[in-house]
Amino acid sequence: MKIVVIGGTGLIGSKVVAQLGELGHEAVPASPNTGVNTLTGEGLAEAFAGASVVIDVSNSPRGRTPR
């Protein structure tokens with residue numbers, strides 16, 4: 001099963017990706033480091049293509065004022 005992990009290169013996300021991989025899943029880390037930006041939507045369509053599940057372990061942006 002393809003599982004996309006938003007924040008998948010961070011401290012917690014990288015552990016989630018590793019554990020999912022050990023369980024036999026195709027775990028795809030999605031973060032700005034991998035070309036996915038959840039704020040702008042850049043790379044989301046490509047990352048989500050064929051995914052069955054999305055897990056979000058991202059941090060909220062700091063220093064930004066909500067609109």
Side-chain angles (χ1 to χ4, degrees):
M1 172 186 313
K2 179 178 177 182
I3 301 173
V4 177
V5 182
I6 303 293
T9 60
L11 180 65
I12 302 300
S14 60
K15 292 178 182 185
V16 170
V17 168
Q19 288 187 353
L20 289 170
E22 289 173 9
L23 293 171
H25 298 289
E26 177 189 356
V28 178
S31 70
N33 293 341
T34 64
V36 179
N37 186 322
T38 57
L39 296 178
T40 66
E42 178 183 357
L44 282 176
E46 295 84 0
F48 289 173
S52 300
V53 175
V54 176
I55 299 172
D56 185 355
V57 293
S58 63
N59 292 325
S60 61
R62 293 185 181 144
R64 294 188 179 224
T65 304
R67 294 181 183 191

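Side chains included, hydrogens not; waters and symmetry mates left out as well; all remaining heavy atoms used.
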How far does [atom1] of [X] sit from [atom2] of [Y], to the nearest 0.5 angstrom?
X   : Y   : atom1 : atom2 : answer
I12 : I55 : CD1   : CD1   : 12.5 Å
L20 : K15 : CG    : NZ    : 14.5 Å
K2  : S52 : NZ    : OG    : 9.5 Å

Under the side-chain contact (heavy atoms from CB on, under 4.5 Å) rule, collect the residues that match up with S58, sequence neighbours excluded. I6, D56
Quick one: closest heavy-atom pair of [X] and [Y], and the distance?
X   : Y   : value
T34 : P29 : OG1-O, 3.2 Å
S14 : G10 : OG-O, 2.7 Å
A27 : G21 : CB-N, 4.3 Å

Which donor-acceptor pairs under 3.5 Å do side chains of residues 39-51 form with protein atoms, sequence neighbours excluded?
from: T40; atom 1: OG1; to: E42; atom 2: N; distance (Å): 3.2

Not counting sequence neighbours, which residues clear side-chain hydrogen bond (donor to acceptor under 3.5 Å, both in side chains) with S31? List them please. T9
Let me see the working for I3 and V54 under side-chain contact (heavy atoms from CB on, under 4.5 Å), right down to the final yes or no. CA-CA 6 Å; I3 301 173; V54 176; over 6 Å; no
Consider only side-chain heavy atoms of I, L, V, M, F, W and Y, link residues closer than 4.5 Å, and tell whether V53 and V5 are in one cluster.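 Result: yes, single cluster for both.
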